[in-house]
Amino acid sequence: MEKAGKIYGINGPVIYIKGKTDFIMGEMVYVGDEKLVGEVIGLTSEMTTIQVYEETSGIKPGDTVYGTDSAIYVTLAPGILSNIFDGIERPLKSIAIESKSVYIGRGMSVDSLDVYKKWKTEITVEVGQTVFPGTIIAKVPETKSIVHKVMVPPNTIGEVVRVVKNGEYTINDTIVVVRLDDGTERNLSMTQKWPIRVPRPVDSRYPSTKPLVTGQRILDTLFPIAKGGTACVPGGFGTGKTMTQHQIAKWSDADIIVYIGCGERGNEMTQVLEDFSKLNDPKTGNLLMDRTTLIANTSNMPVAAREASIYTGITLAEYYRDMGYHVAIMADSTSRWAEALRELSGRLEEMPAEEGFPAYLASKLSAFYERAGYFKNLNGTEGSVSIIGAVSPQGGDFSEPVTQNTKRFVRCFWGLDKSLAYARHFPAIHWLTSYSEYLHDLSQWYNENVGADFVNCRNKILVILNQESSLQEIVKLIGADVLPDDQKLVLEIARVIRLGFLQQNAFHKEDTCVPLKKQLQMMEVILYLYDRCKELIAMNMPVSILRKEDIFEKVIAIKYDVPNSTVDLFSQYKAAIDRFYAHIMKTNA
Amino acid sequence: MSVSYLGLSEIKGPLVALDGVKDASFDEIVELTVEGINGKEKKTGRIVELYEDKAIIQVFDGTENMSLTNTHTKLTGHPMEIALSQDILGRTFNGIGKPMDNMGPIVSDIKRDVNGKPLNPTEREYPRNYIRTGISAIDGLTTLIRGQKLPIFSGNGLPHDRLAAQIVKQASLSENSDEELVIVFAAMGVKYDVAEFFKRTFEESRVLDHVVMFLNLANDPVVERLITPKVALTVAEYLAFDCGKQVLVILTDMTSYAEAMREVSSSKGEIPSRKGYPGYLYSEFASIYERAGIVNNSKGSVTQIPILSMPNDDITHPIPDLTGYITEGQIVLERSLHGQNIYPPINVLPSLSRLMKDGIGAGYTREDHQDVANQLFSAYAKVGDARALASVIGEDELSDIDKKYLQFGRAFEEQFVGQSEQENRDIDTTLDIGWQLLHILPKDELDRIDTKILDKYYDRY
């Protein structure tokens, strides 16, 4: 018999059923005649509490709530990539076609994935073979860039008794039949369902020793993130959180990007959709959209689904990780998700902790970030899930609960700074407040794969920037003119680093994404210039003379002048610096 | 057909409770008839909470004169709706969409739920066409784009109303477009004088028959203003997406709207978050601001200019803060510029237009636009440093280059930001002024401009 209950009360997205029911905690339910999707979030002997993922206006007491016996889940099969979903995996394009409206209606019942499309399928198991959870049973070219690997769902072990021929099948067609240990047969299709709040099982974790290369100099060089790592990007409005996330989504060397627009602007999701459908992935040359899936739960969409969108996103990511891919998640923004928690918590009249946020904010955040990592999968492949979460602190104040709690669980902190953004220095990631705990773990990789000097150069650059910051304190009080020449030189080189290295123009063809080798060589040229200038200063040449030469501006312009493909041009810059040195010596000695 | 319930079980602030209701639905609109000492009075309310047969109703017109026995409540069976037709242009309504101009109700078959529905991101079109306002600080540095939501962050006593009025008067879609701009004006808790000022402005600029006004004045019921922006935006969406018009929506003052929300929330006994505002302030703001944009297969657009006064000029106050996280930029007015008699007193550094980068440059405005804007921002940021240093060591002790920056800063504020209320600058004039100002600085200080652009334009001025 179907489980059902009658609505007793309604308060915004929260509804109550009176009396004892046999719903289970976390169960997905359908509410009312329109079958709005909801989830059971509280059970007592007197009252069942349900949060509804859609607008509740028009719901009446006495309307029926139907149980489904399963937790809120996502459908996993080919068709996820280059698609856009809402917070509970409803495909927005299909909704638009189905409803013939530019608005999102309620109670739309559409399949998460296209069940009619026939996919070219290549079966990879044979009759008689024993299969385990995670065993790859078929390969489906899902997009031009990504081969979808159909896997045996967790909790299924058995012997293959029948397989279909290679050919074209829909996601619900049976492609492999397995005899389980107890003798029953089980039909396997391409589709799996998985509850969003439960991490998918893995074999074991690996330490993070490979970087997620983003092509963004300040990230790759100064504050790198590992594959399987976690990072947060906090910043007030207008400091460039979304821009940073877009850049990483576009240019990072992850195989797959899951972009979660959680409580953010509708136009931004449209922009991602438009841009990614036009831009090419630098790694494969195919469209970026071919390796991307978007979860769009914009700020005006129902708040309960916003809470779910983060989990939907990470479950999709884990599914592709199980196939052996490196997945990066952009969560923009985790603050909106925390606010959704707060809103629901307030409706449930729970005792609030700091700033009205529920006391379980920290544990929810940590549970989310811990789903990231570099794993050995059940089927023996290696894959990773990296999480880059934007945080929107109220008033740009990093001491608020979401930023502080996030900081405890992530190992990369890319703090965006208002004053840099006001001066239009982008990316506005501040080098003094940001940090990365991965640097040590990744040093070996950098030294082996980029250049033995990489970490050394990086440290030198950061030292100069720190020296500049303390010198600026003095300059603010008495002006730069009174400083000794060696300190003036530090200021000048720091300027070169800031303008020529840290500032990166996302709209410039060459500068938007820079390979690691070029990053290293840029650092080397800047440091070479510094060393040569130091020699001159040691011979009592004043900085004012050095500054008359155009070498500093020339080094700053490297980012535009040297194409990413022709890095050998750098020897010319060292030669130019030598000429500058000789010229100064000749005219002033 | 519908039953009328006599009496109430509780009255508390703007909320009333009614027992024994049958077949009520959440968010439904109810009509209340109060038999007071001065005869019958009609009020409108909305069901905000519902427990079995008990409904909590939020009364838009306030609960004055109501008692537990003198009220008849009638369910309407639908959420708040407004009738829509093209005739709505030129009309004036109160905060919940009832006509105030003695011209009778709008008659139409088209009725829409004022709560609206979220736009499907796949059906949106990314906004790219700019709206020229004739104001240099906006056109040059925080360009307004069709379909954008760009609020004005102001303070009490600053000329945000005059600025908004100037935008309305001067706004044109592009240099040679024959499309007309339609204005939807929603006032929430503003003073009579302010509403009157806007009315006069619309009259003077002869656009009154292109304006729809919704007025909830400071002495009108507080709860009413919770519905005002929603009604206004429902009209705007209809005019834009059904009738294909370019709609500019002015919402003033969003601070009063948020205050009203706090008032209702506290009488509902909800747990407050920051500064007593309810936890859903962000979601509520979003449900208003996100109703701007352009959609596929429609010529129209909804552009929003919400105005809000920052309490105590504090940009980190929850109201401007949460607004900034939703809107696509902001225009920030600054008291110290106002004190120096600079109009419009726009502080360009915290001001921003997120959509600007895609709507300017060759083909839209001019090829050097982005570079000039970047350079002006960067140079003006340095002016701040130079001024800070000058206040410590005195202007005379500054280096030559810092003195140049001081000179640039003064000229920038007076000539670029400052302009008269009647002055309508075209984009070329704005950019030309920008170049003339940059000329004060030596050429090698201009590090944000592409070398080719710099060579092409620098020596022209």
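Here the structure is a predicted model, which is why all the values come from computation and not from measurement. Only heavy atoms go into these numbers, but all of them, side chains included; no hydrogens, no water, no symmetry mates.
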> For B:Asn115, which atoms come within 4.5 Å of any heavy atom of chain A: side chain, backbone, both, or neither?
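When you check distances to chain A, no heavy atom of B:Asn115 falls under 4.5 Å.
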> Where does B:Lys357 contact chain A at under 4.5 Å (heavy atoms): side chain, backbone, both or neither?
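Interface part for B:Lys357: side chain.
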> Between A:Asn267 and chain B, which part of the residue has a heavy atom less than 4.5 Å away: side chain, backbone, both or neither?
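Both backbone and side chain.
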> Can you name the salt bridge (Lys or Arg N to Asp or Glu O under 4.0 Å) partners of B:Glu237, sequence neighbours left out?
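Only B:Arg291 meet the salt bridge (Lys or Arg N to Asp or Glu O under 4.0 Å) criterion with B:Glu237.
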> Counting only heavy atoms closer than 4.5 Å, note whether B:Phe285 contacts chain A via side chain, backbone, both or neither.
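For B:Phe285, no heavy atom lies under 4.5 Å from chain A.
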> Side chain from CB out, backbone as N, CA, C, O: work out which of these in A:Arg342 comes under 4.5 Å of a heavy atom of chain B, or both, or neither.
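The answer is the side chain of A:Arg342.
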> Only pairs of heavy atoms separated by less than 4.5 Å count here; which of B:Leu389, B:Ile271, B:Val48, B:Leu322 has the most with chain A?
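Heavy-atom pairs under 4.5 Å are most numerous for B:Leu389.
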> Taking B:Val295, B:Asn374, B:Ile326, B:Thr316 one by one, which has the highest count of heavy-atom pairs under 4.5 Å against chain A?
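Option with the top pair count is B:Ile326.
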> Is the CG atom of B:Asn297 crowded by more than 12 outside heavy atoms at less than 6.0 Å?
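Not buried by this count: 12 neighbours or fewer within 6.0 Å.
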> Counting only heavy atoms not in B:Lys299 (residues, nucleotides, ligands), do more than 12 fall under 6.0 Å from its NZ?
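Incorrect, the count does not exceed 12.
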> Considering all heavy atoms of both residues, which atom of B:Pro121 and which atom of A:Leu92 are nearest to each other, and what is their separation?
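Taking every non-hydrogen atom into account, CD-CD1, 3.8 Å.
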> Does any backbone or side-chain atom of B:Tyr280 lie under 4.5 Å from a heavy atom of chain A? Answer side chain, backbone, both or neither.
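For B:Tyr280, the contact with chain A is made by backbone and side chain together.
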> Does any backbone or side-chain atom of B:Arg124 lie under 4.5 Å from a heavy atom of chain A? Answer side chain, backbone, both or neither.
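For B:Arg124, the contact with chain A is made by backbone and side chain together.
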> Heavy-atom distance under 4.5 Å to chain A: side chain of B:Ala286, backbone, both or neither?
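For B:Ala286, the contact with chain A is made by backbone and side chain together.
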> CD of A:Gln472: more than 12 outside heavy atoms within 6.0 angstrom?
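Yes.
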> Between B:Arg354, B:Glu123, B:Lys117, which shows the greatest number of heavy-atom pairs under 4.5 Å with chain A?
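The candidate making the most pairs under 4.5 Å is B:Arg354.
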> Where does B:Leu50 contact chain A at under 4.5 Å (heavy atoms): side chain, backbone, both or neither?
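Looking at B:Leu50, backbone and side chain both touch chain A.
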> Just to verify, what does B:Tyr380 make a ring-ring contact (aromatic ring centres under 6.0 Å, His included) with, not counting sequence neighbours?
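Expected list: B:Phe412.
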> Checking B:Ser298 against chain A: side chain, backbone, both or neither under 4.5 Å from a heavy atom?
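Contact with chain A involves no heavy atom of B:Ser298 at all.
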> Using non-hydrogen atoms only, which part of B:Glu328 is less than 4.5 Å away from chain A: side chain, backbone, both, or neither?
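Both backbone and side chain.
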> Tell me, out of B:Tyr282, B:Tyr289, B:Tyr51, who's got the most heavy-atom pairs with chain A below 4.5 Å.
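Most heavy-atom pairs within the cutoff with chain A belong to B:Tyr282.
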> Under 4.5 Å from any heavy atom of chain A, what part of B:Glu28 do you find: side chain, backbone, both or neither?
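Contact with chain A involves no heavy atom of B:Glu28 at all.
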> Is A:Arg495 in contact with chain B via its backbone, its side chain, both, or neither, using a 4.5 Å heavy-atom distance?
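For A:Arg495, the contact with chain B is made by the side chain alone.
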> Between B:Ser351 and chain A, with a heavy-atom cut-off of 4.5 Å, which part of the residue counts as in contact: side chain, backbone, both or neither?
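Backbone only.
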> Of the backbone (N, CA, C, O) and the side chain (C-beta and beyond), which part of A:Pro393 lies under 4.5 Å from a heavy atom of chain B, both, or neither?
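Both backbone and side chain of A:Pro393 come within 4.5 Å of chain B.
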> Please report the closest heavy-atom contact between A:Leu341 and A:Leu361, naming both atoms and the distance.
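The answer is CD1-CD1, 4.1 Å.
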> Mind ranking B:Ser283, B:Ser378, B:Ser287 by heavy-atom pairs under 4.5 Å with chain A and telling me who comes out on top?
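Max contact count across the listed options: B:Ser283.
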> Find the one option among B:Gly329, B:Gly293, B:Pro127 whose heavy-atom pairs under 4.5 Å with chain A are most numerous.
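With the most close heavy-atom pairs to chain A, the winner is B:Pro127.
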> Given a strict heavy-atom distance threshold of 4.5 Å, which part of B:Pro318 is in contact with chain A: side chain, backbone, both, or neither?
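Nothing of B:Pro318, per the 4.5 Å heavy-atom cut-off to chain A.
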> Which atoms of B:Arg128 are under 4.5 Å from chain A, going by heavy atoms: the side chain, the backbone, both sets, or neither?
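B:Arg128 touches chain A through side-chain heavy atoms alone.
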> Where does A:Lys18 contact chain B at under 4.5 Å (heavy atoms): side chain, backbone, both or neither?
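Contact with chain B involves the side chain of A:Lys18 alone.
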> Can you tell me which portion of A:Val102 sits under 4.5 Å from chain B's heavy atoms? Options are side chain, backbone, both or neither.
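Both backbone and side chain.
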> Tell me, for B:Lys149 versus chain A, whether the close heavy atoms (under 4.5 Å) come from the side chain, the backbone, both or neither.
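Side chain of B:Lys149 only, per the 4.5 Å heavy-atom cut-off to chain A.
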> Just say parallel, tilted or perpendicular for the rings of A:His246 and A:Phe276, cut-offs at 30° and 60°.
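Taking A:Phe276 first and then A:His246, their aromatic rings stand perpendicular (interplane angle over 60°).
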> Would you check if there is a donor-acceptor pair between the side chains of A:Asp332 and A:Thr242 at a distance under 3.5 Å?
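The criterion, which ignores hydrogens and geometry beyond distance, is satisfied for A:Asp332 and A:Thr242.
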